[in-house]
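So the structure is just underneath, and the comments pick up after that.
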Protein chains: 2
Amino acid sequence: MLLTKTKLDRDQRRELILDVAQEVFLEEGFANASMSVIAAKLGGSKGTLYNYFKSKEDLFNAYVERRCLWQDEIFAAPIGTETPEETLRRIARAYLKRVLTDFNLKNFRLITAEAERRPEIGLAFYNAGPRRGAERVAELLSGMQADGHLDLDDPLDAAHQFLGLAQNRYFKARLCNAIPELSEKQIEAEAKLAAKTFLRAFGKR
Amino acid sequence: MLLTKTKLDRDQRRELILDVAQEVFLEEGFANASMSVIAAKLGGSKGTLYNYFKSKEDLFNAYVERRCLWQDEIFAAPIGTETPEETLRRIARAYLKRVLTDFNLKNFRLITAEAERRPEIGLAFYNAGPRRGAERVAELLSGMQADGHLDLDDPLDAAHQFLGLAQNRYFKARLCNAIPELSEKQIEAEAKLAAKTFLRAFGKR
DNA sequence: CTCTTGTCATACCGTACGGTACGGTCATAT
DNA sequence: ATATGACCGTACCGTACGGTATGACAAGAG
């Protein structure tokens with residue numbers, strides 16, 4: 001059958017285009033990214049590119065949409081044998097490891113820069129990313145509270161505060177490109193510090 | 001005298017150009033800002049503009065330099081009659097009020113977006129801004145500890161954590177343009193929450 | 001075989017930009 | 001009065017971009 005065959009190829013190629021577009025957008029920013037070089041990197045022609053996406057904005061929207069589907073489990077539930085401190089450290093470590101990545105920061109700069117002119121893009125990203133993340137952490141903290149390990153007023157408030165404790169020192173610095181990617185040791189130290197302070201405030205004594 | 005007169009005018013005009021350039025850069029971003037519209041907004045000509053700054057990059061560098069000189073006293077020292085909680089709330093309130101401003105966020109997006117390609121810009125900004133701010137807070141916390149109000153391991157760690165507690169929930173959201181400017185009430189609530197948690201962790205009992 | 005469909009390559013259009021050049025104007029210093 | 005120097009307005013250059021059009025080629029369908 002022709003229809004199904006070409007249909008399949010079309011979706012595959014679309015993904016491939018988005019892969020290349022992502023690369024270029026992250027490296028150059030939206031304004032500086034060029035449809036011509038995207039087509040060239042594809043090994044294809046601009047005609048084909050415009051066959052799949054009707055404009056540069058359209059392509060960028062598709063990129064953002066795909067990026068916002070990202071939702072995986074950095075925040076795994078606590079394991080039975082873990083102490084509360086271990087659980088918090090593990091969460092903070094996984095979170096920092098993800099969020100301070102070069103890739104993640106490039107994406108973040110790209111989105112925020114474009115959110116200036118197009119708030120709906122920033123909103124979609126925020127809801128799928130930071131907002132969802134904080135809610136997930138709140139769920140975990142709720143569980144820990146139910147187990148009698150924590151003494152929280154409001155789990156969501158506490159989740160935001162915990163993430164703030166964990167990331168504040170390095171997130172801005174990394175966003176400003178003022179420091180290179182962190183070592184495992186640095187991440188571990190920061191995660192430890194965040195967990196310690198959080199438990200000093202909210203741990204059941 | 002001709003020399004001093006023209007010299008004075010030159011500095012004034014330079015500042016005026018930078019004012020206009022700032023406006024355009026913040027509104028359009030570096031890539032989208034146009035030297036022609038800057039000249040037009042000046043009421044002057046491109047020739048004059050290029051008489052003062054030899055290129056768009058040069059103009060942008062001058063803008064960043066001027067912005068990075070920013071250093072004032074959001075973080076005033078504690079007043080004699082204040083309780084520790086009041087001091088912390090006042091600091092957090094002043095900090096949030098400044099950092100969550102539309103203006104500040106536009107500047108932040110602009111700098112970080114450009115820091116991608118030119119790390120020295122991001123570094124200069126980070127050192128003059130977030131870094132310096134955290135150090136200032138650390139000094140204040142040190143003073144409070146000397147007065148017997150706090151029990152800290154490391155004042156700088158604590159300062160980063162305190163600022164993290166205060167800003168994490170709203171900073172990213174504002175950066176993504178996902179929420180509008182905060183009301184006084186919201187800022188007050190967040191400052192209160194941060195101070196409360198901080199004292200739960202580090203307050204002398 | 002022919003016809004269709006999607007792709008490639010390339011040339012092209014209009015536009016906008018950064019930056020330069022030039023001629024005219026106006027105020028001031030001598 | 002005249003010369004100097006800064007400014008304005010505008011036209012211009014080269015370049016690069018987003019986007020379109022065209023023609024050729026390859027592969028699968030009838």
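In what follows, chains are A, B, ... by sequence order, proteins preceding strands, each numbered from 1.
Here CZ of A:R174 is found 13.0 Å from OG1 of B:T112. Values are rounded to the nearest 0.5 Å.
Here D:dG18 presents its P atom at 14 Å from CZ of A:F60, a figure rounded to the nearest Å. As a whole-Å value, the separation of B:E28 CD from C:dA16 P is 14 Å. Atoms CG (A:D58) and P (D:dT20) sit 12 Å apart, rounded to a whole Å. The CZ atom of B:R14 sits 18 Å away from the C1' atom of D:dC7 (whole-angstrom rounding). The NZ atom of B:K54 sits 11 Å away from the P atom of C:dT20 (whole-angstrom rounding). Put simply, CG on A:L16 is 14 Å from C1' on C:dT7, counting in whole angstrom units. Atom CZ in B:R10 sits roughly 12 Å away from atom C1' in D:dC7 (whole-Å rounding). Rounded to an integer number of Å, the gap from A:I38 CD1 to D:dG19 P is 11 Å.
Note on B:A33: only backbone sugar-phosphate atoms sit closer than 4.0 angstrom, heavy atoms only; bases stay farther off. Among the heavy atoms of the strands, none lies under 4.0 Å from A:F53.
An OP1 or OP2 oxygen of C:dG6 is reached within less than 4.0 angstrom by no side-chain nitrogen or oxygen of A:Y52. Taking 4.0 angstrom as the limit, B:R13 places a side-chain polar atom (N or O) nearer than this to OP1 or OP2 of D:dC8. Contact annotation: A:S45 does not reach the phosphate of C:dT7 (side-chain N/O to OP1 or OP2, under 4.0 Å). For B:S34, no side-chain nitrogen or oxygen approaches OP1 or OP2 of C:dA16 to under 4.0 Å. In this model, the phosphate group of C:dT7 is approached by a side-chain N or O of A:N51 to a distance below 4.0 Å at OP1 or OP2.
Comment: B:E190 does not engage B:R93 in a salt bridge, judged by the lack of any side-chain N to carboxylate O separation of less than 4.0 angstrom. Using a cutoff of 4.0 Å between basic side-chain nitrogens and carboxylate oxygens, B:R66 and B:D19 are scored as salt-bridged.
Across the interface with DNA chain D, nearest-nucleotide mapping of A:Y50 and B:L49 shows B:L49 to be the residue nearer the 5′ end. Mapped onto DNA chain D by nearest heavy atom, B:G43 and A:F30 fall at different nucleotides, with B:G43 at the one closer to the 5' end.
Remark: the A:K46 side chain and the D:dG19 base include a donor-acceptor N/O pair separated by less than 3.5 Å.
The aromatic rings of A:F25 and A:F60 stand perpendicular to each other, their planes meeting at an angle above 60°, with 30° marking the opposite boundary.
For B:F103 and B:F108, the gap between ring centers reaches or exceeds 6.0 Å.
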